[in-house]
Amino acid sequence: VPYENTFRIRNLPAGNYDLFLYANQGAFPSASTFYVSVGAGLPTSQSNNPIVTPAFVEGSNYVKFSLVVPANSYITFKAVGYLSGLQLQRT
């Protein structure tokens, strides 16, 4: 059963980040939609369409957000649907 959950990542040093959100369940159009914002900014959304493959395919079993995080800010993301995992990488 898909869920709707909101998460906030705080206390990050200022910099550029890639946020990878993984979802390997569900089927279009009821797969996952992810909303991501930095600080109080407007959210950006992306959806995925899972496929059965062991390879990681962007837009299929994960989506990628490239973010610029200023000092004393935070990242908020909401998963509507499935969320299998996440990775935050400073670039």
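Just so it is clear, the structure is predicted and the values come from calculations on it, not from any experiment.
- Across A14 and P70, no two heavy atoms sit closer than the pair CB-C, 3.8 Å.
- Between F77 and L83 the shortest heavy-atom distance is CE1-CD2, 4.1 Å.
- Going from atom CG of L67 over to atom OG of S37 covers 9.0 Å, rounded to the nearest 0.5 Å.
- The number of heavy-atom neighbours closer than 6.0 Å to CG of N72, taken from other residues, nucleotides and ligands shown, is 12 or below.
- Legend: residues meeting side chain to side chain donor-acceptor pair (under 3.5 Å) with N16, ordered by chain and number and at least two apart, are absent.
- For Y62 against V57, the heavy-atom pair with the smallest separation is CE2-C, 3.5 Å.
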Go through the steps for S47 and T33 under the test side-chain hydrogen bond (donor to acceptor under 3.5 Å, both in side chains), then give the verdict.
CA-CA 4 Å; S47 296; T33 301; 2.9 Å; yes
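- Formation of a donor-acceptor pair under 3.5 Å by the D18 side chain with backbone atoms of Q89 is not found in this model.
- For CZ of R10, the number of neighbouring non-hydrogen atoms (other residues, nucleotides, ligands) closer than 6.0 Å is 12 at most.
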Give the C-alpha distance, both sets of side-chain angles, the deciding distance and a yes or no for side-chain contact (heavy atoms from CB on, under 4.5 Å) between Y17 and T91.
CA-CA 5 Å; Y17 291 86; T91 58; 5.8 Å; no
For the pair L19 and V36, evaluate side-chain contact (heavy atoms from CB on, under 4.5 Å) and give the outcome as yes or no after the intermediate values.
CA-CA 9 Å; L19 175 63; V36 176; 4.1 Å; yes
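- Partners of S84 by side chain to side chain donor-acceptor pair (under 3.5 Å), not counting sequence neighbours, listed by chain and number: N24.
- Of all heavy-atom pairs spanning V38 and V68, the tightest one is CG1-O, 3.6 Å.
- Following chains of ILVMFWY side-chain contacts shorter than 4.5 Å, one cannot reach I9 starting from Y74, and the two form parts of different hydrophobic clusters.
- Under the 6.0 Å distance and 45° angle rule, K64 does not count as a cation-pi partner of F20.
- Using cut-offs of 30° and 60° on the angle between ring planes, the pair F56 and Y22 is perpendicular.
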